[in-house]
There are 2 protein chains.
Amino acid sequence: MERNTRQRDAILSVISEAGRPLSTQEVLLAGQAVVPSLSIATVYRTLKDLAAEGWILPVKLPGEADRYEMTRLGDHYHFKCSSCSKVFDIHEKLKKTTLLAPRNFVIEKYDLILYGRCNECVPKHK
Amino acid sequence: MERNTRQRDAILSVISEAGRPLSTQEVLLAGQAVVPSLSIATVYRTLKDLAAEGWILPVKLPGEADRYEMTRLGDHYHFKCSSCSKVFDIHEKLKKTTLLAPRNFVIEKYDLILYGRCNECVPKHK
DNA sequence: ACGCTAATAATAACTTATTATCAATAAGCA
DNA sequence: TGCTTATTGATAATAAGTTATTATTAGCGT
């Protein structure tokens with residue numbers, strides 16, 4: 001990146017302010033609220049650049065396209081709402097002692113994904 | 001399914017005897033050891049049928065095509081070797097008390113994926 | 001404000017996994 | 001064994017996500 005463009009600024013601030021990982025479509029929609037002409041090609045291109053520069057990281061869930069979130073958020077895991085499909089961060093760490101692998105296997109990292117209903121989607125009564 | 005074919009028998013026994021989730025390519029290769037003419041189309045078709053009949057289940061990892069394993073294995077999670085790319089079963093359960101979600105979020109299920117080196121790929125010395 | 005050229009917008013092209021098509025093959029009953 | 005037709009094998013078609021192309025737009029140094 002050699003020039004600061006409105007598109008790039010919009011995309012980074014959209015992700016920074018989301019508070020949860022965003023899909024490319026979510027980035028496109030939120031970004032178009034700032035720069036109406038924003039195109040999906042620019043979203044993909046900019047997400048790739050921002051990731052290469054270390055600002056954002058891809059969040060990978062099984063069977064789904066990458067979402068992105070700020071790198072500075074550090075280690076955590078994710079919760080996906082089975083109703084609204086939004087993904088949320090959970091800033092807890094598992095105690096390593098709770099992770100078990102077969103003898104002689106070396107664990108380098110893990111991904112924990114919870115599925116359920118977020119606060120917006122849990123029926124308030126009943 | 002209305003006929004028992006050598007292809008179908010081969011595919012099911014290959015998965016049953018693998019002891020770990022197999023990709024479609026792994027099923028094809030192992031199946032061709034039994035029925036040399038086995039084609040990838042038959043592998044996909046049969047895997048879908050076997051899953052619909054409840055014999056096998058898809059194992060989904062982020063960014064990767066489905067693998068399959070026997071349904072009878074029950075609840076467990078997976079370990080993927082970052083060296084040989086094989087996926088292994090881990091038959092342990094996390095204590096539910098170790099799973100935390102934000103207030104008002106309801107956890108329905110979870111997926112834990114470990115990444116690292118399997119016993120075959122860990123350097124024996126050093 | 002001007003000019004150079006990086007970045008964008010629109011869309012075509014591509015990728016990888018999976019599914020559909022259809023002539024040839026083979027399961028299993030008479 | 002022969003017949004009927006479900007299943008297979010080979011490959012074309014499809015699908016969804018992502019990347020490439022290119023004329024146009026706009027950042028930014030002068």
Side-chain angles (χ1 to χ4, degrees), chain A residues 1-15 21-69 78 80 85-87 113, chain B residues 1-15 18 21-53 55-69 78 80 85-87 113:
Chain A
M1 153 274 203
E2 305 187 15
R3 290 179 186 177
N4 289 326
T5 65
R6 291 173 303 130
Q7 288 83 349
R8 178 187 163 100
D9 288 349
I11 290 170
L12 190 53
S13 72
V14 155
I15 294 172
L22 298 183
S23 66
T24 53
Q25 287 304 317
E26 288 175 322
V27 171
L28 177 64
L29 287 174
Q32 287 178 332
V34 182
V35 182
S37 69
L38 183 64
S39 75
I40 188 65
T42 298
V43 171
Y44 276 109
R45 197 172 338 106
T46 305
L47 289 176
K48 197 204 278 190
D49 291 347
L50 290 173
E53 292 165 21
W55 292 103
I56 63 177
L57 284 176
V59 173
K60 297 167 182 293
L61 299 202
E64 306 186 36
D66 289 355
R67 289 173 174 78
Y68 289 86
E69 66 182 1
H78 296 102
K80 178 175 178 182
S85 296
K86 287 179 186 168
V87 172
I113 307 160
Chain B
M1 152 273 207
E2 304 187 14
R3 291 180 185 176
N4 289 324
T5 65
R6 291 174 302 129
Q7 289 84 347
R8 179 185 162 100
D9 289 348
I11 289 170
L12 190 53
S13 73
V14 155
I15 294 171
L22 298 183
S23 67
T24 53
Q25 287 305 315
E26 288 174 322
V27 171
L28 177 64
L29 287 174
Q32 287 178 333
V34 181
V35 183
S37 70
L38 184 63
S39 76
I40 189 65
T42 298
V43 171
Y44 275 109
R45 219 175 1 224
T46 305
L47 289 176
K48 197 205 277 189
D49 291 346
L50 290 172
E53 293 165 22
W55 292 103
I56 62 177
L57 284 175
V59 173
K60 295 169 182 294
L61 298 201
E64 305 187 36
D66 288 355
R67 289 174 174 78
Y68 289 86
E69 65 183 359
H78 296 102
K80 177 174 178 184
S85 296
K86 286 179 187 168
V87 173
I113 307 164

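Just so we're on the same page: letters track the sequence lines, and every chain starts at 1.
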What is the distance, to the nearest angstrom, from the [atom1] atom on [X] to the [atom2] atom on [N]?
X        : N       : atom1 : atom2 : result
Tyr68(B) : dA17(C) : OH    : C1'   : 11 Å
Lys48(B) : dT7(D)  : NZ    : P     : 14 Å
Asp9(B)  : dA6(D)  : CG    : P     : 19 Å
Glu64(A) : dA17(C) : CD    : C1'   : 17 Å
Leu47(B) : dA17(C) : CG    : C1'   : 13 Å
Arg67(A) : dG17(D) : CZ    : P     : 11 Å
Asp49(B) : dT8(D)  : CG    : C1'   : 12 Å
Leu61(A) : dG17(D) : CG    : P     : 14 Å

Under a 4.0 Å heavy-atom cutoff, the residues of residues 25-44 of chain B touching DNA chain D are Ser37(B), Leu38(B), Ser39(B), Ala41(B), Thr42(B)

Looking at [atom1] of [X] and [atom2] of [Y], how far apart are the two atoms once the value is rounded to the nearest 0.5 Å?
X         : Y        : atom1 : atom2 : value
Leu47(A)  : Arg8(A)  : CG    : CZ    : 11.0 Å
Ile113(B) : Leu61(B) : CD1   : CG    : 5.0 Å
Tyr44(B)  : Ile11(B) : OH    : CD1   : 12.0 Å
Thr24(A)  : Asp66(A) : OG1   : CG    : 9.0 Å
Trp55(A)  : Ile15(A) : CH2   : CD1   : 12.5 Å
Leu28(B)  : Glu26(B) : CG    : CD    : 11.0 Å

Give a yes or no on whether the backbone of Leu38(B) and the side-chain of Gln7(B) come within a donor-acceptor separation of less than 3.5 Å. no

Do the side chain of Thr46(A) and the main chain of Val43(A) share a donor and acceptor less than 3.5 angstrom apart? no

Could you walk me through whether Gln25(B) and Ile40(B) pass side chain to side chain contact (heavy atoms under 4.5 Å, CB included), step by step? CA-CA 8 Å; Gln25(B) 287 305 315; Ile40(B) 189 65; 3.7 Å; yes

Take nucleotides 25-30 of chain D nucleotide by nucleotide from the 5' end and write B, S or -, depending on whether a protein heavy atom sits under 4.0 Å from the base, only from the sugar-phosphate, or from neither. -BBS--

Only one of Lys86(A), His78(A), Lys80(A) clears side-chain contact (heavy atoms from CB on, under 4.5 Å) with Pro21(A); which? His78(A)

Least distance between heavy atoms, Gly31(A) atom then Ala10(A) atom: O-CB, 4.5 Å

Report the end-to-end axis angle of the helix from dA1(C)-dT30(D) to dA30(C)-dT1(D); each axis comes from five terminal pairs, and the value is rounded to 10°. 40°

